[in-house]
J.: 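One structure coming up, written as structure tokens, with questions to follow.
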Amino acid sequence: MVQQIFMLSVFLYIAAAFLSLVMNRIYKVANYISAIGTFAAAIAGLVSTIIVLVQGMPFAAEFPRFVPFARFTIEVDYLSAFMILVISLIAAVTAIFTLTYNERYIGKNAGIFGFLNNIYILSMILAVASSNAFYFLVFWEIMTLASYFLVIAKQDKEAINSGFVYFAVAHAAVTLIIFSIIVLYIYAGSFDFSDFRNAEIPQATKNLIFLLSFLGFGIKAGIVPFHTWLPITYSSAPSTVSALMSTKVAIYGLIRIGVDFLGASVWWWGLTLLAFGAISAVVGILYASVEKDLNRLLAYSSTENVGIILMGIGVGMIGFAVEQPVLGTLGMLAGLYHMVNHAVFKGLLFLCTGSVIYRVQTTNMEEMGGLAKRMPWTGFAFLIGALAISAIPPLNGFVSEWFLYQSLFMAGNHSILAVKALSPLFAVMLALTGAIAAMCFVKAYGVVFAGPSRSEHAREAREVPVPMIAGMMLLVVGILVLGLGAPVVAPYIGHVASSLLNTSSPQVSEGLTVYPTSKTQAMLSTPLLFLFLMGLLVVPLFIVWTLRGEKSGRRMDSTPWATGYAYSARMAYSATAFSQPLRVLFHPVYWIRTTLVEVGSKIASYFRQVVGCIDRLESFWENTVYGSLARGTVLLGKRIQDIQLGNVRMYCLYIIITLVILLITTIR
Amino acid sequence: MSGTAVVNFLAVLLILTSMLVIETRRLRLAAYMYSLQSLVLVLIFLSLAIFMHAEPLYIWSFTALITKVFLVPWLIIRTLKKIGDQEGESAFKTSTTVLFAVFLVALSFAVANSFQTYAVVKVKIAMGVSIALFLLGLLCILTKKNALKQIFGYCLMENGSHLTLALLAYNAPETVEIGILTDAIFAVVIMLVIAGRLFKSFGTLDTDNYTLLKG
Amino acid sequence: MGENLLYLLPAVPLVTALLSFVIRSYRIVEVVHVAGISGLALLSLGLVKSLLGGQTFFALDGMLYADGLTAILILLIGTVGFLSGFYSIGYMRHDLAHGEVKERDLSTYYGFYHLFLFTMILSAISNNIAILWAAVEATTLGSAFLVGFYKHKTSAEAAWKYVLICSVGLAFALYGTILTYSNAFSVVQDAHKAMLWTELIKMAHQLDPQMMKLAFVFILIGFGTKAGLVPMHTWLPDAHSEAPSPASALLSGVLLKCALFAMVRYYAIALQSVGSEFPQTLLLIFGLLSVGVAAFFILVQNDIKRKLAYSSVEHIGIIATGLGVGGPLGIFAAFLHTINHSITKSLLFCTTGNITMKYGTRDATKIRGMKKVAPLTGFLFAAGLIAVAGSPPFNIFISELMTLTAGLKSGLFWPMILLLLFLVIAFAALVILISETVLGSPPEDLPRGETNWMGLLPLGILFVFMAGLGIYLPAPLNQLLQDAVGVVLGH
Amino acid sequence: MVWFALGSILLPILGSVLVLLIPERHVKKAGQFFSFLAFICGLLLWIGFAENRDSFTRDLLTIGGINLFGITIDTLSVLVNLMVVFIGWLICTYSVGYMNAGNREHPVTEGIPRFYSFMLLFIGSMSGLVLSSTLLGLLFFFEMTGLCSWNLIGFYGDQKSRNSALWAIILTHFAALGLYVATAFVYINTGSFSISALGNLNETEKIIAFGGILLASWGKSAQLPLHPWLPRAMVAPTPVSAYLHAASMVKVGVYIFARTVLEAGAVPQVIGEVGAIMAVLTMVYGFIMYFPQDDMKKLLAYSTIAQLSYIFLAISLSIYGSELAFNGAVSHIFNHAFAKGLFFLVAGALAYTTGTRRLSMLRGILSKLPVIGVGYIAAAMSIVGSPPFSGFFSKFMIILAGFQVGWHQPLILVLMVVTLVESVGSFIWILRWMGVNVFGSPSEAIAGASPTPVSIQVVVGVLILMTLVSQYIVFLLLS
């Protein structure tokens, strides 16, 4: 039954893809078909995976072989189901969003866009669903290919360039992944996941596989120092695509290989993840905070969030490695929880950005401002998203980070010195990240939505059409559900985490509270927190309401002023100005960033010289090697030609000399 | 005087005459010298025929008398009337050529010595001379630039090989001799015709000038 | 039947030659000529057919003789003689029409043509080694006027060099002949028998090896001169390039082989008398030398007929290499190559005739764009050049491959690699020639269209042979070659 | 079966003679017709073989008890033969549209019969080479393909193209010497020309024979150091280049290598080592040479060189006993043919419509010429090995097999890592040009493009489809 629903979802994606391709000429129809198809398919996917997760019934299926050396099998276990859930969720929301968004942005190619979009989502789902590494790779690559075309959908120079960067980096990453999978294959003898799990692999090889896959998936996920492609890509990709890309399927691969296949066998793997995660988180958010371009800001923030997810998984892997299932599950829970959270709030933020771009037609925050008044729904959604991403309780971002803090504290009690020593440091870094993130998104909201409008478009902006609002609102609901509903949601994610180790899932919630497996360490109840916060809001209002008789003096001057000057738009606290203190504070980090950029251009200039050299190499072969051979032959021919000098007496002499030589050798 | 001695004496005479053919600057004179040499050759044939009781050699000497003593010189002289009989320069001085000739003669005798195991060779000196004659002919072709001189050279070679044939294969069928002789005559005829044409075309008989075709 | 053919075969061209010399009207001479070559072709085919299966015939008291070797030569003389003779008609008419030659000259030409054929037939069928020598020498004399046929300075020069060098060279062969004879005579003490090749081969193992070695050296130099082995080849490019094209075809296609086969007769004796090493090594050295030197000449020479002449030197070299490799396979390859080369080179020289008619020059740097000017001629020329370059689907490819195979079989690895490298140079030279002359863009002022349509017919036939032998070796021909190999190896 | 095989060899050859004889206005149709007949034969052969899968060898021409030519029907030959005749047919169809006076890059007004004649001869020769069961047959058709390519490369007849044609024939002929030696060597050691006789040689003899074969294959497949003819051959009319690169000429080399390795049983490992090292060297060289190229066809030429190195690498790996590598090689021969054929035809279509092949002048193909644009994408993605295009599967098989072998052979492991790096590098470079050329707003050259002939569009369409499904045709036979 579950399987049928899942297959229905797959079928719907395919149908939507090809129908929209066929209808490309009538692009509006194509857009609707595609969006509705995607939505229906995503709902089917959601239903099937929720059944899997809730009822605990993974399923598997095998299809006819296309390729002689690999079985085409699909297996939706907890982890896959969780991933599919996340993907489907975002897919459904973006589907609604695209109904109107695409009409304007993709225009006449909406059919093709629909086709690629469906293929992209489907390949993501199949990649996480297949239980054969070869098909995982195939779908992974199809996913990359489809997303490449989606990234360059606008087809301007910038988009093409960013598409190039995206695809090139993704392909390089895939190569590393292929490498690691091939090594697994060599030991397992087939591409089946089940064989991978049971393969006898020496520890050194395991390390190699892990490092390769970590690099590969890490690049794809955008961790520091491989994050540079993210802002480039996101800045020109359509917002819906950026939202879909925020599902971070790469993490799935890392978990699959690192934890599922290799059993997280040594503790330093986890520590590596943890370290890279922490650095990514801090550096990512630092970069984000000084960014003027909204898309790029969100991209850097993705790096940050990937870092946080990795930290969770790192802790989880340490837990598994040292055979502390509780720590492992908890860390993994934090990571996975943050993954779904990130997908939801980052998706929301991208959709909001999409909406803003839809009206303002720029991504430069300096040209926005004051949009909250003109686009109230969008502003509200962005606010919720910003709060969530800044880990403000009781929203979802806070919950997952809270779990992460708890797991880090737990790891701090660990016997391994490095882990023990570093865990608090990572916790501090996480805190720093949270702080800067809050500041960063305050800035973002403030600059974009508050204050005066700083451009013509911004002044003329109005609210986006209903489908787009609906899409955003769905995600707002998602944030609330994941935040306030944490006591309900967390155990299921805990199931997913524990299923990776085949342990019983630990207790992480009771009633309205969640806790890191033991109530003594800490407890959190987001619903109660929410009530409390609501209370905090309500109480002042109540006070004001009770004291309403007493009129306090209100300044009614409508135009603001500053130090004696009348207000102008240029005076507003702009994005650049806002981040000035950070720039000063973290000067070295930014310095690295600028020098890196310069190095790029320097390398490019060397590259041109190299190209010139290579150009000459071609003629080297032809002129020097073969040319001299040919010339030499002709020259030799001309020398030899001299023997035919035309004198008949010489000719006779030749005969005689030959005869004499022969006679001498014969008689001798 | 035994038969061998006669033959050997005549053979030495051949060397002398061939040197005269080579070194005579006037071609008409050279033609006469060649005629003389051929006469000596005929005499050798005759003496061989007598002393060795080789009947076929009578016919040989007869045909040789007609062709070599009379026909060939006549043909050459006939051609000389058209093209003048003065030889141009040669590649070496006379003294050098003679030195070469001496060397070649010595070589020939050395070679002829190696034939001693063969019963047929009763007249070693004659054998050596026949080879020497052949080589002198070659020498003439190599050192003389004049086309007619080269024809003489060819004739000398031909005489030499004829003598060798007579010494070694005197009892071979007549057809052989006739065939070879016919070839020789025709070769000379053709060469003379071509030499005539060459003179008409190039205005000289110096073969070193005939180098239009090379490479 | 066979014996009669041995008389008839030389008689036909001899009579035709005499008639041609006598008759003045060139129209009648042409008729006589056609009759002569047709008769010759039929008779030679008849002889070859009766020789199949290792048959031998004697005639004239054993002086004339025919076996497998003869059959190959007779086949070539008949076929090439007929086809290039047929081609001559159109060629000569063209020359006549353009005032190159006079009517009287045509009679001379046809007369010498047949005389030449006669001498070659004689060399093919003579059993007496002295007559053999005389016949080979006679071929020089018969063809000398063909070489010097045109009234150019260069023609006379070429003829002079041809006659002089060949005569000098062949004089050495006479010494070789005499040495062989005296060697044999000391064995059998019978002057008649000691001159007959069939007897010599029977007593070969009794001959004095040292003497035979010496004789073989003289024979190699002598007949090698006539066959065109380097460094005695010097007359060859001159003669072949100056002769009228059909005569060049005959010179290159058949004459060289006559001399070569005369050498093969001695080679057969030497094999038994002195063992295989000595003659084979000599032939191998001369073969490789010829291929190597000729390959360079082909590359740097600009006159297309001289190029083709050097190509003949090259192929004679390959045949010599095949003989030098020895063994049934090597000799088979050599003989097959002989046939193949004759066909191909005749085709090429005749085609060159068409080209010179069209372009009025033999300079490869001036002949351009044949594919547009004269497509059929261009096609045949290109096909022929590809064939002599040793590329499939044409015949020479097969025999070259066989030569190589035989060489490797004998363990001559490096010589064969050397051979192949030389062949690459020749190949390159020839394809460059095609590329320039056939494919290039033609001169503006040259009128389009074929000349000498009549001449294309024999060329077409030659082309069919050339392509056919590249794909399939007919059983009778195979039989013929096997017979010839049997003759050489003495079983 | 044998008749189908013979049909695919002889029908085009027959056609090549006929097109020279019939009036010029019928030539294009006749050319199409005969190539189509060949394709039908090839297809029927494939179907027949796919049904019962029995490989066999039939001797056809035997003289004196020695088999000179025969036909081998097995997976390899049937597949490659299908590729040869299929692409041959497509190219002949394409040329109907391409070879006319409307061609912007190089209007063609004369020589059509010659073109079709050699094209058909080319198809027939290739088919003959592929199906031949003897080394003699291989050698024969090896040289035939050289001749055909020579004439076709020099088709335009100007100085440059003639020179390039000479490069091609002289270099490949030089390489052919290796095959000559190998053929002769096998014959004298086994008394047979049959390819399977290679298996009867001993170790040392095999090294010599395979040394020769390797040389020949390198030359024909334009591998280092015998490669310079291939980039130069780009002066040929584009359909010719397409056929040279896709289905013939360069495939001759890899095919004979594959065929001989398949038949020879155990091949000395040193051959595998040399083959693999040279393959990787060439691959890297080909990759490096991408950078300075601005001529689309030249870029493709170097891409061909690099892609053929993959096949060489795979065959060399199969010498180590990896069946997967061999299957990968077969697949790559097949897949690369369609992808590279498509790529060249796209280049040709661009040249036809815009008159330029300069990469830097092409932009926004997709918007103006959608079919061509999609063709470009499909070809590029298939060549760089991105699924679902078929190039991925074969490349993956090769790399997989390489690591499998390399796990116990440090040398191979190093080579495979280099290969992997190269694959990423070439991917990036091709992708870069694809981004520049295909997307965006049309550049001047593209905007002024003339309409594409229908035959070109149809052929490009068919090939796009083939880049997606060609792999499954292979797998149908391999599984």
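The chains referred to below are lettered A, B, ... by the order of the sequence lines, with proteins before strands, and numbering in each begins at 1. None of the values given here were measured: they were computed from a predicted structure. In what follows, every heavy atom counts, from backbone to side chain, and hydrogens, waters and symmetry copies are set aside.
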J.: Say you draw a straight line from CZ of C:Phe379 to CG of D:Leu20; how long is it, rounded to the nearest 0.5 Å?
T.: 7.0 Å
J.: Hey, could you give me the CZ/CD1 distance between D:Phe140 and C:Ile471, rounded to the nearest 0.5 Å?
T.: 5.0 Å
J.: Which atoms of C:Leu421 are under 4.5 Å from chain D, going by heavy atoms: the side chain, the backbone, both sets, or neither?
T.: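 Its backbone and side chain both get close to chain D.
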J.: Under the criterion side chain to side chain contact (heavy atoms under 4.5 Å, CB included), which of C:Leu419, C:Ile417, C:Leu404, C:Leu420 is the partner of D:Leu177?
T.: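 Of C:Leu419, C:Ile417, C:Leu404, C:Leu420, side chain to side chain contact (heavy atoms under 4.5 Å, CB included) with D:Leu177 is met by C:Leu420 alone.
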J.: Indicate yes or no: at least one non-hydrogen side-chain atom of D:Leu68 is less than 4.5 angstrom from one of C:Leu473.
T.: no
J.: Pick from C:Val438, C:Leu329, C:Ile398, C:Ile434: which one has the most heavy-atom pairs with chain D under 4.5 Å?
T.: C:Ile434
J.: Measuring from atom CD1 of D:Ile188 to atom CG of C:Leu408, what distance do you get when rounded to the nearest 0.5 angstrom?
T.: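 Going from CD1 on D:Ile188 over to CG on C:Leu408, the span is 5.0 Å.
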J.: By a 4.5 Å heavy-atom criterion (distance strictly below it), what part of D:Leu147 contacts chain C: side chain, backbone, both, or neither?
T.: side chain
J.: Kindly give the heavy-atom pair with the smallest separation between D:Met144 and C:Pro393, and that separation in Å.
T.: SD-CD, 3.0 Å
J.: What part of C:Ile386 is in contact with chain D, defined as an atom under 4.5 angstrom from a non-hydrogen atom: side chain, backbone, both or neither?
T.: side chain
J.: Are any of the side-chain heavy atoms of C:Phe413 and D:Val181 separated by less than 4.5 Å?
T.: yes
J.: Please tabulate the donor-acceptor pairs under 3.5 angstrom that span chain D and chain C, backbone and side chains included.
T.:
from, atom 1, to, atom 2, distance (Å)
D:Glu110, OE2, C:Lys372, NZ, 3.3
D:Arg162, NH1, C:Ser435, O, 3.2
D:Arg162, NH1, C:Glu436, OE1, 3.4
D:Arg162, NH1, C:Glu436, OE2, 3.4
D:Tyr180, OH, C:Gly390, O, 3.2

